[in-house]
A.B. asks: 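Please read through the structure below; I'll follow up with questions.
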Amino acid sequence: MSLVLSRHQSPDAPTTGRVVSPTEIIRLPVRSRLAMPTRPREIVAVIDPVWSVPGGDVTASARPSEEMARAAAERLTRFLQPGEVVAGTPEGRLTLRLRHEDRAARPVRLQEMAYHAIEVLDRLDVSDGVIDLGVGWAPITRKQDPRQAEQHATAAAAESVNQRDHQPRQQGLHVKTRHKAVTWVSASRQMLLATVGSVLLPFLLLVGLSMVGIDLSGPLYWVLVAALGVTALTIWAECSQALEPPRLPAAPAGPAPRATAVIAAYLPNEADTIIETVRAFLGQHYSGGLQIVLAYNTPVPLEVEDDLARMDREHPDLTVLKVPDSTSKAQNVNAALRVAEGEFVGIFDADHHPAPGSFDRARRWIADGADVVQGHCVIRNGEDSALAKLIAVEFEQIYAVSHPGRTALYGFGIFGGSNGYWRASALEQIRLRGSFLTEDIEASMRVLEADGRIVNDPGLVSHELAPDTTRALWKQRMRWAQGWFQVSLRHMWPILRKPTLSLRQKIGVAYLLGWREVYPWIAMSVWPLFGFLAWRDGGFELGSPMFLLLTLFTTVSGPLQTLAAWRLATPELRRHPWWFVGAGLANLLFYTEAKNLVNRIAHLKQFRGEHQWVVTPRTAASAGSTDTDRDDTRTATEVAA
């Protein structure tokens with residue numbers, strides 16, 4: 001299956017733009033906005049195609065010749081609008097001068113142009129390897145002339161090349177950067193606003209409006225009834241769908257193609273466990289042959305690098321790839337594509353150990369037309385602590401119930417960051433973007449936008465380690481919650497406007513990216529409403545439909561999901577029914593609200609401009625792991641743009 005990554009114009013359409021020299025790009029007159037206020041604004045964009053140099057390191061790159069860049073520019077004119085121009089530079093870049101009114105749509109348009117550039121370069125056969133495309137842009141304004149815009153666009157394209165994610169970036173005088181410091185004062189304010197403030201402020205608003213003759217308790221009552229009802233019914237529907245797991249496609253005829261496993265690692269964090277993890281992958285048997293790529297970055301030299309280099313020499317199917325310019329998992333995965341040989345690629349975190357036969361199972365889905373297959377992540381150190389047991393059950397609720405249930409219910413799945421298998425051609429085009437705190441969810445939405453197919457297979461199991469402290473869990477879930485919110489802000493409306501998606505898929509997107517963001521605030525409004533009714537009427541009727549529905553939601557829906565998780569859990573976890581009983585009680589008493597609180601605080605962090613990427617810390621060993629399993633500790637932080 002081929003993803004449809006751009007729909008701007010057919011390559012057979014007549015030429016609408018024109019090729020000019022690089023100097024004309026910056027010398028063309030700027031349209032007068034005073035004389036013609038309806039004329040569209042202009043931007044300068046730079047597309048920088050590079051690919052790996054044979055025998056060189058991962059940071060060494062080659063570019064097209066000037067003649068090849070000019071040929072590519074000529075073909076790109078078919079995708080330009082009237083009056084737009086493109087030039088091939090002596091350095092092998094493509095410089096464009098485009099017109100566009102909608103500021104929010106510029107990255108979308110440039111993304112389309114980037115994909116068109118890849119198609120054109122592939123037809124010209126400029127490289128046998130994977131092309132990393134840098135895309136940068138800057139507007140032409142009164143304070144920023146075309147020459148300055150071109151300089152800023154070139155610098156932005158260089159940053160895009162470094163990230164290897166095909167994401168358009170902008171620089172220039174117009175860009176306002178925010179670097180909010182995270183202090184105990186800001187964190188305390190966010191905590192108070194998300195807890196006391198989310199109850200007290202709505203209560204005071206209800207009281208104040210009531211005093212001037214506006215009673216909102218009735219509308220709020222029915223909003224709560226609808227909200228709780230929708231959420232409860234969704235849980236029931238997901239559980240019902242998950243009880244019938246998807247049927248594994250039949251094994252395709254013919255020999256199996258080669259596959260690649262990419263292990264992304266921040267080495268100081270995984271230094272104690274990475275050797276055993278690599279050995280676990282070397283022990284994997286796949287009928288088509290498995291290439292293992294360990295793509296890692298480290299700020300300081302480590303002794304374990306010598307051991308990894310030795311293993312690289314001893315095992316022909318192992319490639320140890322140091323990515324010196326990387327600061328994120330996304331960059332490591334994108335860099336690994338330069339050396340990946342497989343027709344499909346499995347992506348794993350450094351604490352994952354896939355079950356035997358995983359790649360043969362994933363191959364069936366890829367051969368059946370899937371672009372991405374998300375597997376079932378299982379916690380393997382549940383014996384370590386009560387917290388680990390709670391997370392182990394939660395992962396079963398997520399990967400054994402929610403993900404497969406939603407996939408069946410809405411017609412699309414999501415990639416969860418690890419234990420996911422990609423068609424190589426799809427991953428080469430989509431890439432992972434480190435500018436998002438949840439680069440996996442963001443990539444999933446772009447696959448959906450490109451009419452790709454993501455399936456979920458709960459039988460595709462990989463074992464990982466749970467955070468072992470509440471502090472580590474809090475940081476991990478805060479990053480997840482804020483990352484989901486970033487994806488919702490960026491992708492919800494563009495996806496809902498896509499005409500190619502079905503109504504069922506759009507409902508799923510609205511629920512996943514919209515409803516899940518507003519629900520933590522709506523659910524909290526139960527308490528200010530109860531307080532207002534007690535203030536106004538001296539009490540409230542516990543037999544009201546709202547109260548009965550709330551009781552049904554809290555006492556039936558949650559335990560139902562936990563019961564379904566136990567029923568669908570892997571055998572090693574199903575042997576521990578009391579773990580599920582304890583998790584069910586924890587969800588009723590505090591854990592569900594704790595997750596809602598994390599979501600509310602994450603919204604406040606995003607609006608404040610805090611975009612700190614904090615890596616989940618873990619201890620160096622796990623009592624519940626096998627003799628080859630170790631945990632990890634990471635102390636560095638990464639900042640997402």
A.B. asks: Within the 4.5 Å heavy-atom criterion, are Pro299 and Pro268 side-chain neighbours or not?
C.D. replies: yes
A.B. asks: Which word best sums up how the rings of Trp480 and Phe395 line up, parallel for under 30°, tilted for 30 to 60°, or perpendicular for over 60°?
C.D. replies: tilted
A.B. asks: Just do the side chain to side chain donor-acceptor pair (under 3.5 Å) check on Asp351 and Thr277 with the steps written out, would you?
C.D. replies: CA-CA 7 Å; Asp351 62 336; Thr277 297; over 6 Å; no
A.B. asks: Answer yes or no on whether Arg338 is positioned over the face of Trp51, meaning its NZ or CZ is under 6.0 Å from the six-membered ring centre and within 45° of the axis.
C.D. replies: no
A.B. asks: Is there a side-chain contact between Gln241 and Pro404, using heavy atoms and a 4.5 Å cut-off?
C.D. replies: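 Side-chain contact under 4.5 Å: no.
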A.B. asks: Output yes when Glu449 and Arg446 qualify as a salt bridge under the 4.0 Å nitrogen-oxygen rule, no when they do not.
C.D. replies: no
A.B. asks: If you define the side chain from C-beta out and look only at heavy atoms, does anything of Met445 sit under 4.5 Å from Leu513?
C.D. replies: yes
A.B. asks: Tell me, please, which residues at least two apart from Asp48 pass side-chain hydrogen bond (donor to acceptor under 3.5 Å, both in side chains).
C.D. replies: Arg63, Arg93
A.B. asks: May I ask you to decide if Ala569's main-chain N or O and Arg574's side chain share a donor-acceptor pair within less than 3.5 Å?
C.D. replies: yes
A.B. asks: So that I can tick it off, tell me whether Glu394 and Lys595 are bridged by a salt bridge, with the cut-off set at under 4.0 angstrom between side-chain N and carboxylate O.
C.D. replies: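 Glu394 and Lys595: salt-bridged.
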A.B. asks: Please answer whether the main-chain N or O of Thr273 pairs with a side-chain N or O of Glu276 as donor and acceptor at a distance below 3.5 Å.
C.D. replies: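 Judged by distance alone, no pair lies under 3.5 Å.
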A.B. asks: Hey, mind stepping through Glu396 and His376 against side chain to side chain donor-acceptor pair (under 3.5 Å) and telling me if it holds?
C.D. replies: CA-CA 8 Å; Glu396 294 308 302; His376 181 172; 3.0 Å; yes
A.B. asks: Keeping Gln482 on the side-chain end and Met478 on the backbone end, is there a donor-acceptor pair under 3.5 Å?
C.D. replies: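 Not confirmed, Gln482 side chain does not pair with Met478 backbone.
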A.B. asks: Does Asn456 use its side chain to pair, donor to acceptor, with the backbone of Thr407 at less than 3.5 Å?
C.D. replies: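 It does not hold such a pair.
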A.B. asks: Which distance, rounded to the nearest 0.5 Å, do you find between the OG of Ser358 and the CG of Leu460?
C.D. replies: 5.0 Å
A.B. asks: Mark yes or no for whether Gln331, through its side chain, and Asn162, through its backbone, hold a donor-acceptor pair below 3.5 Å.
C.D. replies: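 Judged by distance alone, yes, a pair lies under 3.5 Å.
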A.B. asks: OG1 of Thr438 to CD of Gln486: how many Å apart, nearest 0.5 Å?
C.D. replies: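 It comes to 6.5 Å.
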A.B. asks: Does the Arg169 side chain pair with the main chain of Gln167, one donor and one acceptor, at a distance under 3.5 Å?
C.D. replies: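 Yes; at least one donor-acceptor contact below 3.5 Å.
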A.B. asks: Distance from Glu572 atom CD to Glu383 atom CD, nearest 0.5 Å?
C.D. replies: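 Here the interatomic distance stands at 11.0 Å.
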A.B. asks: Looking only at side chains, do His166 and Gln111 share a donor and an acceptor under 3.5 Å apart?
C.D. replies: no
A.B. asks: Can you check side chain to side chain donor-acceptor pair (under 3.5 Å) on Tyr296 and Glu305, steps first, answer last?
C.D. replies: CA-CA 10 Å; Tyr296 75 91; Glu305 293 183 87; 2.6 Å; yes
A.B. asks: Should the pair Asp317-Arg258 be classified as a salt bridge under the 4.0 Å nitrogen-to-oxygen rule?
C.D. replies: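 Salt bridge: yes.
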A.B. asks: Measuring from Phe412:CZ to Ser444:OG, what's the distance to the nearest 0.5 Å?
C.D. replies: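 Between atom CZ of Phe412 and atom OG of Ser444 there are 9.5 Å.
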A.B. asks: Taking all heavy atoms of Leu133 and all of Ala117, pick out the closest pair and write down the distance.
C.D. replies: CD2-CB, 4.2 Å
A.B. asks: Are the side chain of Arg380 and the backbone N or O of His463 linked by a donor-acceptor pair below 3.5 Å?
C.D. replies: yes
A.B. asks: Apply side-chain contact (heavy atoms from CB on, under 4.5 Å) to residues Leu121 and Ile118 and explain how you reach the verdict.
C.D. replies: CA-CA 5 Å; Leu121 293 168; Ile118 292 176; 5.7 Å; no
A.B. asks: Begin with the C-alpha distance, continue with both residues' side-chain angles, and end with the deciding distance and a verdict on side chain to side chain donor-acceptor pair (under 3.5 Å) for Gln374 and His403.
C.D. replies: CA-CA 9 Å; Gln374 176 58 49; His403 282 189; 5.8 Å; no
A.B. asks: CG/Leu267 to CG/Leu308 distance, rounded to the nearest 0.5 angstrom?
C.D. replies: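 One gets 6.0 Å once the value is rounded to the nearest 0.5 Å.
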A.B. asks: Rounded to the nearest 0.5 Å, what's the gap from OG on Ser328 to CG on Leu432? Could you check?
C.D. replies: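 With rounding to 0.5 Å, OG (Ser328) is 8.5 Å from CG (Leu432).
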A.B. asks: Charged N to carboxylate O below 4.0 Å: is that the case for Asp349 and Lys329?
C.D. replies: yes
A.B. asks: Kindly give the heavy-atom pair with the smallest separation between Arg504 and Ala408, and that separation in Å.
C.D. replies: NH1-O, 3.0 Å
A.B. asks: Please state whether the rings of Phe348 and Phe359 are parallel, tilted or perpendicular, taking 30° and 60° as the class boundaries.
C.D. replies: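 Aromatic pair Phe348/Phe359 classed tilted.
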A.B. asks: Verify, without hydrogens or angle tests, whether Asp371 (side chain) and Arg453 (backbone) share a donor-acceptor contact under 3.5 angstrom.
C.D. replies: yes
A.B. asks: Taking only Lys NZ, Arg NE, NH1 and NH2, and the carboxylate oxygens of Asp or Glu, determine whether Arg247 and Asp368 approach each other closer than 4.0 Å.
C.D. replies: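 Between Asp368 and Arg247 there is no salt bridge, as every charged N stays at least 4.0 Å from the carboxylate O atoms.
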A.B. asks: State whether the number of non-hydrogen atoms from other residues, nucleotides or ligands found under 6.0 Å of Trp566 atom CH2 is greater than 12.
C.D. replies: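 Open.
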A.B. asks: Can you name the one residue among Asn332, Asp325, Thr327 that meets side-chain hydrogen bond (donor to acceptor under 3.5 Å, both in side chains) with Asn297?
C.D. replies: Asn332
A.B. asks: Quick check: closest heavy atoms across Ser402 and Gln561, and the distance to 0.1 Å?
C.D. replies: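 It is OG-NE2, 3.4 Å.
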A.B. asks: Under a 3.5 Å distance rule, please check whether Asn381 uses its side chain to pair with a backbone N or O of Ala466 as donor and acceptor.
C.D. replies: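 Side chain of Asn381 to backbone of Ala466: a pair is present.
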A.B. asks: Can you tell me if Arg516 has over 12 outside heavy atoms packed within less than 6.0 Å of its CZ?
C.D. replies: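 Counting neighbours around CZ of Arg516, more than 12 heavy atoms of other residues, nucleotides or ligands fall under 6.0 Å, so yes.
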A.B. asks: Would the number of heavy atoms belonging to other residues, nucleotides or ligands and lying under 6.0 Å from CD of Glu244 be above 12?
C.D. replies: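 Open.
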A.B. asks: What are the two closest non-hydrogen atoms of Ala350 and Ile263, and how far apart are they?
C.D. replies: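 Distance-wise, the nearest heavy atoms are CA-CG2, 3.9 Å.
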A.B. asks: With distance as the sole test, does Gln291 use its side chain to make a donor-acceptor pair with the main-chain N or O of Val339 at under 3.5 Å?
C.D. replies: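 Flag set: sc Gln291 to bb Val339 pair under 3.5 Å.
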